[in-house]
Amino acid sequence: MWTEERVLHWQRTGEKSSPVMVWTPEHTGRFLDHAADDRLYALFHLIAFRGLRRGEACGQRWTDTHLDAGLITVAKQLVVDGWEVYEDDPKTDAGARTIALDADTVEVLRQHRARQDEEREKWGTAWVETGRVFTRENGELLHPANVTRRFIELYEEIGLPPVRLHDLRHGAATLAHAAGADLKDIQEMLGHSSITITADTYTSLLPEADLAIAEAAARLVPRARPSRRAGWC
C-alpha cells in the first residue's frame, strides 16, 4: 500500500516498492473527487468500490445492470487482441457473478445514465446503440487501453503516486476487507475461481488493512487508565 513513507521514497527516487501498489483510502478519495466531472467517472467509481476488471467494466450492459435492486450481473467483458476489441465471456465461470451495489454507486450510475441519454439525443441517428453502460460519446464501444490512458492522465494531474487501473480492483478488495468482508466474500466479489487465488493475491495487502481493524477493536474496550505506564518498556 502507498503509505506515507513509500510515497516519500517514490517522490525522492521515482522507485515503487512493488510492481503492485494500492492507494490508501485517502488517495482513492482524492482521485475520485478529481475525476468526478469526467465522463468516465462512473466507470472508475465502479472499479474502485466493487472491484470489476477493466474489461468487465467496459463490457457491462444495461440489461445486466439493475439499479432499482442495487445489483449488477457481470456477464460479458471486452478483450483486446492487438488493438482489436471483441466481446467475450468472463475469464472463468466464477467471473460471471452478481455484485451488490451500495447506494452511492447506484446514484452515480443513475447520473451516468442520464448523461448518456443526453449524449444519445445529441447524436441522434448517428448514435451507435451498443447497449453498454460505458461508451464513447457516440455510443461506440470503449477501447480498454484508452480507459487506462485516461485513468493515468487524471491521477497524474494531481500528483498521486502511480498505480495500474487494475490496482483499483486490488484497492476495492482492501476496502471490502476493512469493512468486514472475509476472503470468501472478496473471492465472490472479484470473481476468482478459487479462494486460493484470492489468498495468494491479497495476503500481502490485507494485513495492512487489518491495522485499522485492530485499532478499532482496541478502542471498544473502555479503560480507566492507560495500558502502559510511563517509563515501561
Side-chain angles (χ1 to χ4, degrees), residues 20 22-23 25 28 31-32 40-81 85-113 116 130-135 141-145 147-148 151 163-206 209-210 213:
V20 177
V22 176
W23 282 334
T28 302
F31 170 77
L32 293 175
L40 292 181
Y41 169 73
L43 183 150
F44 298 134
H45 180 108
L46 186 60
I47 295 176
F49 285 102
R50 304 312 297 150
L52 272 68
R53 299 175 176 90
R54 180 185 71 172
E56 293 171 346
C58 292
Q60 184 65 28
R61 302 177 298 194
W62 281 117
T63 53
D64 297 319
T65 303
H66 317 291
L67 297 184
D68 289 341
L71 299 170
I72 61 171
T73 299
V74 179
K76 294 294 179 181
Q77 64 173 339
L78 297 188
V79 178
V80 179
D81 182 10
V85 177
Y86 66 93
E87 181 188 87
D88 200 0
D89 294 330
K91 290 179 63 175
T92 65
D93 290 341
R97 62 203 186 275
T98 298
I99 302 173
L101 303 177
D102 60 277
D104 285 345
T105 299
V106 169
E107 181 57 27
V108 164
L109 289 172
R110 289 191 191 282
Q111 293 176 11
H112 172 77
R113 184 166 60 185
Q116 189 181 76
T130 61
R132 307 293 165 165
V133 175
F134 306 109
T135 67
L141 296 177
L142 288 171
H143 195 295
V147 174
T148 295
F151 171 69
V163 296
R164 305 169 304 165
L165 179 55
H166 194 76
D167 294 333
L168 275 191
R169 173 174 158 86
H170 295 320
T174 61
L175 289 174
H177 180 68
D182 60 22
L183 281 180
K184 184 63 177 175
D185 296 327
I186 295 171
Q187 175 201 351
E188 293 176 355
M189 180 182 81
L190 298 180
H192 286 158
S193 58
S194 166
I195 196 169
T196 303
I197 297 173
T198 310
D200 288 347
T201 304
Y202 292 104
T203 48
S204 63
L205 294 175
L206 298 183
D210 279 339
I213 297 174

To check you understand the geometry: which heavy-atom pair defines the closest contact between [X] and [Y], and what is its length?
X: Y86; Y: D81; answer: CE2-CB, 3.7 Å
X: L71; Y: A100; answer: CD2-CA, 3.7 Å
X: L52; Y: R97; answer: CA-NH2, 4.1 Å
X: A42; Y: L109; answer: CB-CD2, 4.3 Å
X: L32; Y: Y41; answer: O-CE1, 3.3 Å

Please identify which of these residues, D64, L46, V106, meets the side chain to side chain contact (heavy atoms under 4.5 Å, CB included) condition with I72.
L46

Name the orientation class of the two ring planes belonging to [X] and [Y] (parallel below 30°, tilted from 30 to 60°, perpendicular beyond 60°).
X: F31; Y: F151; value: perpendicular
X: H45; Y: F49; value: tilted
X: F134; Y: H112; value: tilted

Return the [atom1] to [atom2] distance between [X] and [Y], rounded to the nearest 0.5 Å.
X: L190; Y: I99; atom1: CG; atom2: CD1; value: 8.0 Å
X: H143; Y: T148; atom1: NE2; atom2: OG1; value: 10.0 Å
X: L40; Y: I47; atom1: CG; atom2: CD1; value: 9.5 Å
X: L165; Y: L43; atom1: CG; atom2: CG; value: 7.5 Å

Main-chain N/O of [Y] paired with [X] side-chain donor or acceptor, under 3.5 Å:
X: Q116; Y: V133; result: yes
X: Q77; Y: D89; result: yes
X: D182; Y: D185; result: yes
X: R132; Y: C58; result: no

Is any side-chain heavy atom of [X] less than 4.5 Å from a side-chain heavy atom of [Y]?
X: R169; Y: R53; result: yes
X: H177; Y: T174; result: no
X: V85; Y: L142; result: no

Checking Q60 against E56: is there a side-chain donor and acceptor pair closer than 3.5 Å?
no

Under 3.5 Å, is there a donor-acceptor pair linking the side chains of R50 and T105?
no

With the threshold set at 4.0 Å, does a side-chain nitrogen-carboxylate oxygen contact exist between K76 and D88?
no

Side chain to side chain donor-acceptor pair (under 3.5 Å) partner of T73, chosen from T63, T65, T98
T98

Report the C-alpha separation of R164 and D167 in whole Å, then their side-chain angles, then the decisive distance to 0.1 Å, and conclude whether the side chain to side chain contact (heavy atoms under 4.5 Å, CB included) test is met.
CA-CA 5 Å; R164 305 169 304 165; D167 294 333; 2.8 Å; yes

